[in-house]
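If you're wondering where the values come from, they're calculated on a predicted model, not measured in any experiment.
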Amino acid sequence: MRAIDSEYRVHTGFTASRFYKIFYSRIDPAPLLVLGVNPGGNPENPSSLISASSSFFENYEHDYVDCSYTIQRMMLPLLVYVLKATPDQIRAIPKTNLAFRRSPSEDGFKKCHGMSLADGMKESKPWLERIIRHVSPKMILLETMKPERFASLYGGIEWSRAQPIADDLTANHRGAMVRAFTAKELPIGVLDTTIPVVAIGHPSVGSFSKDSVWQAITASVSAVCRAYDIRASR
């Protein structure tokens with residue numbers, strides 16, 4: 001973890017963690033890897049930034065267990081339920097992002113960093129590949145309904161060509177029906193194998209966090225975990 005952080009700082013020229021965040025937990029081998037889009041928060045307001053550890057999570061601190069914020073309050077109960085785990089067992093479930101640069105929103109990414117979010121994801125790829133290889137997950141959970149982004153960088157085939165393993169869920173978002181859950185088997189290049197990849201609507205979006213929708217998302221993720229025997233401990 002220290003090597004990845006150090007190399008990323010050298011690459012970007014960042015001298016302070018307020019501009020980026022790579023780790024939300026320990027990065028150890030685990031059955032599930034959780035991937036968000038990019039870390040939230042305003043780099044210009046460092047006192048508002050959240051982390052369970054000021055270093056490298058040596059004591060198995062975990063942002064989803066030890067902190068309290070909108071996404072955490074949605075994701076911890078989901079993970080506990082789908083993995084049939086206790087909150088303490090969730091400490092062993094690694095979480096990071098597709099892009100490591102911090103921004104208040106996806107739309108504000110370019111304003112903060114002078115590059116597109118897609119370019120930020122490409123920039124993080126060498127280090128995220130190392131994380132994926134080390135964790136060696138049996139399943140990946142994406143906190144985004146744009147799994148095409150992940151598949152284009154890490155999948156052996158396009159998302160549209162991957163084999164579905166569950167029915168999609170939809171939800172009403174600003175007057176239109178959009179995907180809230182989708183799951184497919186995807187070959188992952190750095191793992192040299194095919195695993196289930198599940199994408200869910202971002203839990204900070206009100207359309208997805210409504211009780212009935214989130215319950216349906218949780219149930220669908222749980223069904224995939226049961227089908228592939230994904231549990232909190234290997």
Student: Could you tell me if the side chain of Y228 sits less than 4.5 Å from the side chain of K138, heavy atoms only?
Tutor: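 When only atoms from C-beta onward are counted, Y228 and K138 do not touch, as no gap falls below 4.5 Å.
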Student: Roughly how far, to the nearest 0.5 Å, is the CD1 atom of I188 from the CD1 atom of I195?
Tutor: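 I195 CD1 to I188 CD1: 5.0 Å, rounded to 0.5 Å.
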Student: Mind running side-chain contact (heavy atoms from CB on, under 4.5 Å) on F208 and V178 for me, showing each step along the way?
Tutor: CA-CA 10 Å; F208 301 133; V178 299; 3.9 Å; yes
Student: Does any non-hydrogen side-chain atom of V197 lie less than 4.5 Å from one of L142?
Tutor: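 They are in side-chain contact.
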Student: Could you give the distance from CG (L76) to SG (C67), rounded to the nearest 0.5 Å?
Tutor: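 Nearest 0.5 Å value for the CG-SG distance: 11.0 Å.
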Student: Working to the nearest 0.5 angstrom, can you tell me the gap between S25 OG and L33 CG?
Tutor: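 CG of L33 is found 8.5 Å from OG of S25.
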Student: Taking all atoms of both residues into account, what is the closest heavy-atom pair of P46 and P43, and its distance?
Tutor: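 Closest heavy-atom pair between P46 and P43: CD-O, 3.7 Å.
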Student: On a heavy-atom basis, which atom in F181 and which in V221 lie closest, and how many Å separate them?
Tutor: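 Closest heavy-atom pair between F181 and V221: CE1-N, 3.8 Å.
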Student: Does M115 form a side-chain contact (heavy atoms from CB on, under 4.5 Å) with K122? I'd like the steps, not just the answer.
Tutor: CA-CA 11 Å; M115 66 169 66; K122 290 177 184 176; over 6 Å; no
Student: Could you tell me if the side chain of E148 sits less than 4.5 Å from the side chain of S160, heavy atoms only?
Tutor: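 No, too far: nothing below the 4.5 Å cut-off.
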Student: Taking the side chain as every heavy atom from C-beta outward, state whether L153 and M121 have any atom pair closer than 4.5 Å.
Tutor: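 Of all side-chain heavy-atom pairs linking M121 with L153, at least one is under 4.5 Å.
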Student: Indicate the atoms forming the closest heavy-atom contact of V213 with A180, along with that distance.
Tutor: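 Looking at all heavy atoms of both residues, the shortest contact is CG1-CB, 4.4 Å.
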Student: Please answer: with hydrophobic residues joined when any side-chain heavy atoms are less than 4.5 Å apart, are I22 and L49 in the same cluster?
Tutor: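 No.
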Student: Working note: I165 + V224, criterion side-chain contact (heavy atoms from CB on, under 4.5 Å); need CA distance, chi angles, decisive distance, verdict.
Tutor: CA-CA 8 Å; I165 55 177; V224 175; 4.0 Å; yes
Student: Heavy atoms, side chains only, cut-off 4.5 Å: are M75 and I200 in contact?
Tutor: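 Contact flag for M75/I200 side chains = yes.
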Student: Please tell me whether S68 and R73 have a donor and an acceptor in their side chains that are separated by less than 3.5 angstrom.
Tutor: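 On atom types as modelled, these side chains qualify, holding a pair under 3.5 Å.
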Student: Check whether T182 reaches the backbone of A199 with its side chain - one donor and one acceptor, N or O, closer than 3.5 Å.
Tutor: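 Side chain of T182 to backbone of A199, a donor-acceptor pair under 3.5 Å: no, none is there.
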Student: Identify the heavy atoms of A232 and I93 that sit nearest to each other, and give their distance.
Tutor: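 Heavy-atom minimum between the residues: O-CD1, 4.0 Å.
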Student: Closest approach of I27 and F23, non-hydrogen atoms and distance?
Tutor: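 Between these two residues, the closest heavy atoms are CG1-CD2, 3.6 Å.
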Student: Could you tell me whether the side chain of T86 and the main chain of Q89 form a donor-acceptor pair under 3.5 Å?
Tutor: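 Yes.
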Student: Checking R26 against Y60: charged group under 6.0 Å from the ring centre and within 45 degrees of the axis?
Tutor: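 Yes; both conditions hold, so R26 lies above the ring face of Y60.
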Student: Could you walk me through whether W127 and H11 pass side-chain contact (heavy atoms from CB on, under 4.5 Å), step by step?
Tutor: CA-CA 11 Å; W127 297 281; H11 174 81; 3.6 Å; yes
Student: Are more than 12 heavy atoms, taken from residues, nucleotides or ligands other than K110, located less than 6.0 Å from that residue's NZ atom?
Tutor: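 Open: at most 12 neighbouring heavy atoms sit under 6.0 Å from NZ of K110.
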Student: Does D211 CG have over 12 foreign heavy atoms under 6.0 Å away?
Tutor: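 Atom CG in D211 is not crowded, with 12 or fewer foreign heavy atoms closer than 6.0 Å.
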Student: What do you reckon, is CG of D229 surrounded by more than 12 foreign heavy atoms closer than 6.0 Å?
Tutor: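 Atom CG in D229 is crowded, with more than 12 foreign heavy atoms closer than 6.0 Å.
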Student: Nearest 0.5 Å, please: how far is CG in L83 from SG in C225?
Tutor: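 C225 SG to L83 CG: 5.5 Å, rounded to 0.5 Å.
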Student: With a 6.0 Å cut-off (strictly less than), is the heavy-atom count around CD of E185, excluding the residue itself, greater than 12?
Tutor: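 Atom CD in E185 is packed in, count exceeds 12.
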Student: Do Y20 and D5 get their side chains close enough for a donor-acceptor pair, meaning under 3.5 Å?
Tutor: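 D5 and Y20 do have a side-chain donor-acceptor pair below 3.5 Å.
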Student: R101 versus Y8: any side-chain heavy-atom pair under 4.5 Å?
Tutor: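 Sidechains of Y8 and R101: in contact.
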Student: Is it true that D66 and R91 have a side-chain N and a carboxylate O under 4.0 angstrom from each other?
Tutor: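 So D66 pairs with R91 through a salt bridge.
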Student: Would you say the side chain of E129 lies within less than 4.5 Å of the side chain of Y154, judging by non-hydrogen atoms?
Tutor: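 Yes; the side chains approach each other to less than 4.5 Å.
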Student: A side-chain contact here means heavy atoms from C-beta on lying under 4.5 Å apart; do F100 and E123 qualify?
Tutor: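 No. Closest side-chain heavy atoms not under 4.5 Å.
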Student: Can you check whether S51's main-chain N or O pairs, donor with acceptor, with D63's side chain at less than 3.5 Å?
Tutor: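 No.
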Student: Just by distance, with hydrogens left out, do Y24 and Q72 show a side-chain donor and acceptor under 3.5 Å apart?
Tutor: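 No, because no side-chain N or O of Y24 sits under 3.5 Å from a partner of the opposite role on Q72.
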Student: Might you point out which heavy atoms bring L32 and P94 nearest each other, and give the distance in Å?
Tutor: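 Shortest heavy-atom separation between L32 and P94 comes out as O-CD, 3.3 Å.
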Student: Once rounded to the nearest 0.5 Å, what's the spacing between atom CD1 of I131 and atom CG of L35?
Tutor: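 Answer for the CD1-CG pair, I131 versus L35, is 8.5 Å.
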Student: Check whether S220 reaches the backbone of A216 with its side chain - one donor and one acceptor, N or O, closer than 3.5 Å.
Tutor: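 Pair found, side chain donor or acceptor close to backbone of A216.
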Student: Just checking, is any N or O donor in the side chain of N38 or S103 under 3.5 Å from an acceptor N or O on the other one?
Tutor: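 N38 vs S103: donor-acceptor pair found between side chains.
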Student: So, taking the atom named CZ in R161 and the one named CG in L186, what distance separates them when rounded to the nearest 0.5 Å?
Tutor: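 So the CZ of R161 and the CG of L186 are separated by 10.5 Å.
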Student: With distance as the sole test, does R179 use its side chain to make a donor-acceptor pair with the main-chain N or O of M145 at under 3.5 Å?
Tutor: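 Checking the backbone N and O of M145 against the side chain of R179, a donor-acceptor pair under 3.5 Å is found.
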Student: Can any side-chain N or O of H113 pair as donor or acceptor with the backbone N or O of R102 at less than 3.5 Å?
Tutor: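 Yes.
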Student: Are there more than 12 heavy atoms of other residues, nucleotides or ligands under 6.0 Å from atom CG of D168?
Tutor: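 More than 12 within 6.0 Å, yes.
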